[in-house]
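Below is one structure, written out as structure tokens; the observations come after it.
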Amino acid sequence: MSYIWENYSGSRKFAVSEKNVNFCYETYPCDENTYSVNTDIRFSDIFGDELPSNENSSEICGLVIHYLAHTDIVCGAVSVSLCDNIYMCDIKNGKYGSEIRRRFELLDNADKNLFLRYMHKYHISCGRKDYFDRVFFEMFGKKNNTFRENVHYDPDYTENSAEIYYQPSKDIYYYYCGADGTDEYNTNRFELARMLFADCTKNIIPVWGKFCFGIIGENNHAAAPVVGRIKIISE
């Protein structure tokens with residue numbers, strides 16, 4: 001536990017720690033239900049340098065900290081949310097280009113949040129990690145999207161509805177999307193993910209539809225050959 005709003009309980013007791021304590025956490029336990037709060041980190045303007053010494057001061061300070069905890073919960077923001085807002089504004093202001101802005105505006109809120117989350121991860125990694133595959137599986141992996149109200153594909157599509165295959169002879173990466181390739185929403189989010197996250201040196205080809213091409217030996221995946229229900233990739 002670090003901040004007063006984390007794992008908050010109305011029955012918890014808060015006590016102001018001694019001034020000038022050398023402690024990096026805002027709160028730390030004193031006993032099972034009492035936490036000491038280092039008010040110098042965020043609330044020095046409220047509590048000041050000298051605390052009142054009357055007999056009710058501890059109770060009053062505890063009530064104030066409970067109020068501050070409630071304020072944090074209702075009105076506070078975490079750093080990730082602030083970063084998401086920054087990326088959102090940058091996209092809308094055209095810092096990533098007009099094409100990125102146009103495609104991003106076509107997404108639903110769930111996919112917008114997905115893209116913003118991975119933009120934050122990419123920023124933290126200083127651009128050293130390729131997140132395209134992870135974004136792809138989160139968008140088109142049917143098992144991972146069962147909670148979504150609108151998953152943008154037909155229920156008849158294969159259970160494992162996202163696969164990636166590499167053809168070394170042609171240096172091609174095939175991304176199978178168990179989704180309708182004529183659905184503009186699907187093609188838009190795939191292209192947007194490629195533009196934002198994919199390695200530009202990769203030759204990436206999406207494969208759309210109910211059934212993937214068969215790969216011998218892949219009996220537990222969408223690539224398992226099914227007579228009359230597979231795609232053929234011509235050389």
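Residue numbers start at 1 and run along the sequence shown.
- Counting heavy atoms from C-beta outward, Y96 and M195 have side chains that stay 4.5 Å or more apart.
- With a 4.5 Å cut-off on side-chain heavy atoms, S36 and F14 do not count as touching.
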Practice task
Starting from the C-alpha separation in whole Å, work towards a yes-or-no answer on side-chain hydrogen bond (donor to acceptor under 3.5 Å, both in side chains) for D171 and Y166.
Solution key: CA-CA 7 Å; D171 191 28; Y166 176 61; 2.7 Å; yes

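- Checking side-chain atoms of T39 against main-chain N and O of F47 turns up no donor-acceptor pair under 3.5 Å.
- Both Y8 and V64 are assigned to one and the same hydrophobic cluster, defined by single-linkage of ILVMFWY side chains at heavy-atom distances under 4.5 Å.
- Heavy-atom neighbours of K92 NZ from other residues, nucleotides or ligands within 6.0 Å: at or below the threshold of 12.
- No donor-acceptor pair under 3.5 Å is formed between the side chain of T34 and the backbone N or O of C30.
- With a 4.5 Å cut-off on side-chain heavy atoms, Y35 and R12 count as touching.
- For the residue pair Y185 / D108, a side-chain donor-acceptor distance below 3.5 Å is found, with atom types taken as modelled.
- With a 4.5 Å cut-off on side-chain heavy atoms, C177 and F190 count as touching.
- Using modelled atom types, one finds no donor on one side chain facing an acceptor on the other under 3.5 Å when comparing D130 with Y122.
- At most 12 non-hydrogen atoms from other residues, nucleotides or ligands lie less than 6.0 angstrom from NZ of K13.
- F104 is listed as a side-chain neighbour of M88, based on a closest heavy-atom distance under 4.5 Å.
- Judged by a 6.0 Å distance limit and a 45° cone about the ring axis, R189 is positioned over the six-membered ring of F140.
- Proximity of N203 to Y173: side-chain heavy atoms (C-beta onward) are nowhere separated by under 4.5 Å.
- With hydrogens and angles left out, the side-chain atoms of Y175 and E163 include no donor and acceptor closer than 3.5 Å.
- With hydrogens and angles disregarded, no donor-acceptor distance shorter than 3.5 Å links the side chain of D111 to the backbone of L107.
- Between Y118 and Y131, the ring planes lie tilted relative to each other; the angle falls in the 30° to 60° range.
- Of the options R42, H66, H70, a side chain to side chain contact (heavy atoms under 4.5 Å, CB included) to I4 is made by R42 and by none of the others.
- Between W208 and Y176 the shortest side-chain heavy-atom distance does not fall below 4.5 Å.
- Open room surrounds CG on D45; 12 or fewer heavy atoms of other groups in view lie less than 6.0 Å from it.
- Within the 4.5 Å cutoff, the side chain of I46 has heavy atoms near those of the L68 side chain.
- In this structure, a donor-acceptor pair under 3.5 Å is present between the side chains of R103 and N188.
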